[in-house]
Peer 1: 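Structure below; questions to follow.
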Amino acid sequence: MSHISALLVKGHLLLQLQAKGTVHPAMSIDFCDGQRWRRKSACCANATWLKGPKSCKEDDSCFCPLRLKGTSMTGADFFPIRELSTYQTKWTIKGRVTSKAPLRTFKQRNGSGQGKVFHVELLDAEGGEIRASFFNDAADKHFELLEVGKCFTLSKGQVKLANRQYNACKHRYELVFDKACQVDGVADDGKIDTVKFSVVELRSVKGKTLPCSVDVCGIVKDYDKSFAFTSKDGKDLVKRTLTLADDSGISMQVTIWGDRAKKEDSEFEGNPVVAMKGVSVKVWQGGLSGSLMEGGSLAFNPDMPEAHKVKSWWTQGGHAQSLTFISQTSGGGGARIAGKLMDVLEMKQKSEQLVNEQEMYSAYCRLSSVQLRKRDEIQPLYYNACLEPKEGNGLPCNRRVDEANFCAVCNKTVKAAPRLNLRCRFEDATGNFWVTTFHPAAEKVLGMTAQEVADIEKSEGREVVEAKLKSCYYAQILQVQLRAKPDNYNGEQRTNVSCPSAQPINRREHARFMLKEIEEMLAKAVC
DNA sequence: CCCCCCCC
């Protein structure tokens, strides 16, 4: 029995089994690595060589090596979550609830009315994690009980293969609890962490099948302001986009939501390290971008090896290193451009053919003209906009005020500031188009603030400001965003096209983008 | 047995 010496801690149990003559030689219990029991056959379901399936009950003296409860086989009295599989039918795990989804109802597929379900994620002292779903009666019974952060023992659930389409938890299996389940709240177990990050390098997400869910740890290289908006299906959302970077030389955008996004800007200032659990990575605009899911976690400057590693990388030169930005290949820092990338000609055609919903396009092009006159009449370049914060989102009212700074919407005299409103012509090798270019885009296009434009016009005159604008023609490559919106004008159907945002390109990134295009073209070419 | 995981 040469393998006996390897059994050590757990060995006494096998010896007991052998002493009782219950181990069938052909069963080859091939364990152990000093930590875990490994055996290929099912435990109690195939227990003839134990004491017979019917006698294998709770508190029975059945020497089932895979049912740790009530034995002294290891220091742990519970079955390791990591080891759960369909080969084990009897187990009791002890874990902390690390996340919990809301209770949902659904229509039973086989017609018989409503069902309900919720799920949690459980973490145990050995760092194993698994998702558990509770159905119907079990859902009613345990929804309130299973609070995030609390510890429980759980048994009498079914183990099934995790459905990777919906389950991002890092376990091959998931648990399903029904009426028969046994769930008990227990005292907090300090050996069980509150969250477990299984960090991967940003570089590694490039090779993954997308969409995927990962845990990451990186430096907040950049952050946007939080942004409140209403989604297409009417949900009020708040988001903030961060650019994370790590020592694998990659940077990527990750969007955070809700309260996480609403934290003060100062929290994101100074390049803190963040660890994120449950970042969903998908392709967006030809690049990869992440979104931190609600059930995930976010930790600032966490005390973990990956965080210390990435921090020292950043301070010891990483901040100056040139990184590969794997999100959309537009601008760098600040607002990014959304919309399908195409050339100017295609953009023109698409916007003319628009029928139903609003569409966004973007193109690399240059400013070729600004409309300064219309039938000899001088066109205003800006207007004075009301700065009064709007109710709800706190953004400025932005309505035009009169010469006395009276805002008709707010019905009072207000503070005001100039906002650009230009009619611009943009051009690339395929064509050009005229478009109303709103303030934020116009400021980027000119590389001047509205205040500067207004000041020059007032102090130096119209001619000087016009010359200044003309000096911007063809000056830089921009990525402009075009919004085409179906509209009704005097009962006539027409498309309203505007430019809500624009950004000078980052030459380095743009060069990479063009190289990639060339490579793709070469790959397609006949050799 | 469910299955949404958000936005441009």
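To find a chain, count down the sequence lines: A is the first, B the second, and so on, and within it residues start at 1.
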Peer 1: Can you find an N or O donor on one side and an acceptor on the other, under 3.5 Å apart, linking the side chain of A:Arg104 with the base of B:dC4?
Peer 2: no

Peer 1: Quickly work out the A:Phe227 CZ to B:dC6 C1' distance and round it to whole Å.
Peer 2: 14 Å

Peer 1: Between B:dC8, B:dC2, B:dC7, which nucleotide has the shortest distance from any of its atoms to the side chain of A:Phe106?
Peer 2: B:dC2

Peer 1: Nearest to the A:Met293 side chain among B:dC2, B:dC6, B:dC7, which nucleotide is it?
Peer 2: B:dC6

Peer 1: Going by salt bridge (charged side-chain N to carboxylate O under 4.0 Å, His left out), name the residues that satisfy it together with A:Lys263, two or more places apart in sequence or in a different chain.
Peer 2: none

Peer 1: Scan residues 130-141 of chain A against DNA chain B and write down, sorted by residue number, each residue with any heavy atom closer than 4.0 Å; if none is found, say none.
Peer 2: A:Arg131, A:Ser133, A:Phe135, A:Asn136

Peer 1: Ignoring hydrogens and angles, answer whether the base of B:dC7 and the side-chain atoms of A:Lys239 contain a donor-acceptor pair closer than 3.5 Å.
Peer 2: yes

Peer 1: Excluding sequence neighbours, so at least two apart, what forms salt bridge (charged side-chain N to carboxylate O under 4.0 Å, His left out) with A:Lys94?
Peer 2: A:Asp189

Peer 1: Does A:Arg240 have any salt bridge (charged side-chain N to carboxylate O under 4.0 Å, His left out) partners at least two apart in sequence or in another chain, and if so, which?
Peer 2: A:Asp265

Peer 1: Check whether more than 12 heavy atoms from other residues, nucleotides or ligands sit under 6.0 Å from atom CD of A:Glu294, and answer yes or no.
Peer 2: no

Peer 1: Pairs of donor and acceptor atoms involving the side chains of residues 193-203 of chain A, under 3.5 Å and at least two apart or interchain, shall be tabulated with distances.
Peer 2:
| from | atom 1 | to | atom 2 | distance (Å) |
| --- | --- | --- | --- | --- |
| A:Arg203 | NE | A:Ser248 | O | 2.9 |
| A:Arg203 | NH2 | A:Ser248 | O | 3.0 |

Peer 1: List in chain and number order the residues that pass salt bridge (charged side-chain N to carboxylate O under 4.0 Å, His left out) with A:Asp303, two or more places apart in sequence or in another chain; answer none if no residue qualifies.
Peer 2: none

Peer 1: With the side chain of A:Tyr166 defined as its heavy atoms from C-beta on, choose the nearest nucleotide among B:dC4, B:dC7, B:dC2.
Peer 2: B:dC4

Peer 1: Under the 5.5 Å and 30° test, is A:Phe229 stacked on the base of B:dC7?
Peer 2: no

